[in-house]
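Order of the sequence lines fixes the chain letters, A, B, ..., with proteins taken first and strands second; residue numbering starts at 1 for each chain. What you are looking at is a predicted structure, and each value in this text was computed from that prediction instead of being measured.
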2 protein chains.
Amino acid sequence: MCRVLGCDDLASMRRLGWTLNLRSGQPLFHEGDPANRVFTVTRGALKLYKLLPDGRRQITGFMFPGDFLGIAVDDEHAFTAEAMADSQLCWFPRNRFSDFVDAHPNLERELYRIAAHELAAAQRQMVLLGRKTATERLASFFLGLLARVEKTEGPTRMIDLPMSRLDIADYLGLTKETVSRVLAALKSKRIIRLDALDRVEVLDRLALADQGEGNGAE
Amino acid sequence: MCRVLGCDDLASMRRLGWTLNLRSGQPLFHEGDPANRVFTVTRGALKLYKLLPDGRRQITGFMFPGDFLGIAVDDEHAFTAEAMADSQLCWFPRNRFSDFVDAHPNLERELYRIAAHELAAAQRQMVLLGRKTATERLASFFLGLLARVEKTEGPTRMIDLPMSRLDIADYLGLTKETVSRVLAALKSKRIIRLDALDRVEVLDRLALADQGEGNGAE
DNA sequence: CGTTCGATTGAGCTTTCTCAAGCACAGTGG
DNA sequence: CCACTGTGCTTGAGAAAGCTCAATCGAACG
């Protein structure tokens, strides 16, 4: 029904997939759940997060159409996945997926490639969380989203934000209030414009890059 | 001469490996360098880090004997690797390694498994960096080191710290001063003892776990 | 319209950082 | 054998970034 990975020679896999729809706010699975399926996002947007026992939350990533969701250790989900907007996914039973992977060495390699990319992204996020200021975090966040949009849709200055301020805060290791304040500051400096609450226009990408990449003195 | 991965059926690979020695403080490679080799640590300890243009540093991980070092995107290193103590590694040319992997499907799977584990560790570190207090970060750090030591050497209360306070700080997203102060606090609470500057004894593992896992009110 | 919920703004506070001084230990040379 | 020196660690005091709590705003929806 739908494809799970981007590999061109995997079209045959489409026949094995089921479709699943999620309403905004609905969880796909929880941290600790047995990971007996693998997914590809086909529509919408999800957030992935981990919770501390007292409720503090860290969002470890956002998923958009085309993203693969199924890397797991010991067949157990390491995070919760929840729809931020009405979403559609394609899924396979994991054991069937494993069989399929066994039969297709290229797919194994593709899977590894995806994991390596996610690892590199996680390392960049560690730098952000450990060492960047609030302004730098927001700037990096927007540049990352922009790069992602432009990869599929070509050059643009508009970014859609399917996530709330709280989600952004929990992704960047800040509070929603700080996110609001930094957005206000970036607006007043004419670096961004808020077309709507959930839609940002990047007015000055160079200034944003300056702020985002830790070039020392502003 | 030495093995790169833990897979038992890969003993034959040992014949392909070269040995490399590093003095404490010596870099193995830098972020951005072409990644034309893969490594396994056989002795010593390394730190992996990324720098911001202005010099701020985030250590993304530490490597100990048995650890594999070679996951890369686009054959480029995403971080710098530097010896924290005199170290020994085993290495292969990456292209030869790739050929070998092609010929051994199990190895490909093992590689994926390693990447998945590292990704899970990176996600836990994001929670630490984004949401934990200084005390919680140190507690989690010690518990992680302890678990790692115990995995190979059985139950113990002693942890060796081959890294400096600055390294710990740059791993936990703190300053060396804060690390020192938190250590002093944990000492005065009789939760840990400093056998030497680079050697910690865990006196009260439960208290450490309480502090480390975000159980809210202390 | 009134309500609701997320976003924004404000004020004061806390944690952690910064800067600076002091300490301890290892290595060196008198 | 012991001062001397360098380096990393610790401790202190003040500053700052970001957090908390609280009030207000504003768009969406009945």
Side-chain angles (χ1 to χ4, degrees), chain A residues 24-25 47 52 54-59 84-85 128-141 160-189 192-200 211 214 216-218, chain B residues 24-25 47 52 54-59 82 84-85 128-139 141 160-189 192-200 211 214 216-218:
Chain A
S24 180
K47 55 189 172 195
L52 290 173
D54 66 358
R56 279 172 289 173
R57 184 178 71 153
Q58 179 65 42
I59 292 183
M84 296 189 296
L128 181 149
L129 292 169
R131 288 294 176 233
K132 290 190 182 177
T133 66
T135 304
E136 289 167 345
R137 292 179 199 206
L138 263 298
S140 298
F141 175 60
D160 280 306
L161 300 176
M163 66 291 284
S164 69
R165 296 295 186 266
L166 182 57
D167 287 338
I168 297 173
D170 283 349
Y171 180 59
L172 300 178
L174 301 169
T175 59
K176 59 192 196 304
E177 291 92 339
T178 298
V179 170
S180 256
R181 281 186 250 271
V182 171
L183 288 182
L186 291 175
K187 270 192 294 183
S188 79
K189 287 186 197 164
I192 62 167
R193 203 174 66 85
L194 286 189
D195 195 49
L197 273 182
D198 61 351
R199 196 169 161 77
V200 176
Q211 309 256 304
E218 299 183 31
Chain B
S24 180
K47 57 190 172 194
L52 290 174
D54 66 359
R56 279 172 289 172
R57 185 178 71 153
Q58 178 66 40
I59 292 184
E82 186 180 315
M84 297 189 295
L128 182 148
L129 293 169
R131 288 295 175 232
K132 290 189 183 178
T133 66
T135 304
E136 289 167 345
R137 292 179 200 207
L138 262 300
F141 175 59
D160 279 307
L161 300 177
M163 66 291 283
S164 69
R165 297 293 187 268
L166 183 57
D167 288 338
I168 296 173
D170 283 350
Y171 180 59
L172 300 178
L174 300 169
T175 59
K176 60 188 193 305
E177 291 92 339
T178 298
V179 170
S180 255
R181 281 186 250 271
V182 171
L183 288 182
L186 291 174
K187 270 192 292 184
S188 78
K189 287 186 197 162
I192 62 167
R193 203 173 67 83
L194 285 189
D195 195 50
L197 273 182
D198 61 352
R199 196 169 161 77
V200 177
Q211 310 256 304
E218 300 183 31

Within this structure, what is the [atom1]-to-[atom2] distance between [X] and [N], rounded to whole angstrom?
X: R56(A); N: dC19(D); atom1: CZ; atom2: C1'; value: 13 Å
X: L129(A); N: dG18(D); atom1: CG; atom2: C1'; value: 15 Å
X: K132(B); N: dT16(C); atom1: NZ; atom2: C1'; value: 18 Å
X: I168(B); N: dC9(D); atom1: CD1; atom2: C1'; value: 11 Å
X: L138(A); N: dA17(D); atom1: CG; atom2: C1'; value: 14 Å
X: E177(A); N: dT24(D); atom1: CD; atom2: P; value: 16 Å
X: L166(A); N: dT8(C); atom1: CG; atom2: P; value: 13 Å
X: K176(B); N: dT7(D); atom1: NZ; atom2: P; value: 14 Å

With a 4.5 Å heavy-atom cut-off, do [X] and [Y] have their side chains touching?
X: D167(B); Y: L161(B); answer: no
X: L172(A); Y: K132(A); answer: no
X: L183(A); Y: V200(A); answer: no

Name the closest nucleotide to the [X] side chain, picking from [options].
X: R181(B); options: dG10(C), dT8(C), dC17(C); result: dC17(C)
X: L174(B); options: dG12(D), dT16(C), dG10(C); result: dT16(C)
X: S180(B); options: dG18(D), dA7(C), dC9(D); result: dC9(D)

Does any N or O in the side chain of R131(B) come within less than 3.5 Å of the main-chain N or O of R56(A), such that one atom is a donor and the other an acceptor?
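Flag not set: sc R131(B) to bb R56(A) has no pair under 3.5 Å.
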Looking at [X], I'd like to know whether one of its side-chain N or O atoms comes within less than 4.0 Å of OP1 or OP2 on [N].
X: R165(B); N: dT10(D); value: yes
X: T175(B); N: dT16(C); value: no
X: T178(A); N: dG18(D); value: no

Both R131(A) and L183(A) contact DNA chain C. Which one's nearest nucleotide lies toward the 5' end?
L183(A)
Please test R165(B) against L197(B) for side chain to side chain contact (heavy atoms under 4.5 Å, CB included), starting from the C-alpha separation and ending with a verdict.
CA-CA 9 Å; R165(B) 297 293 187 268; L197(B) 273 182; 3.5 Å; yes
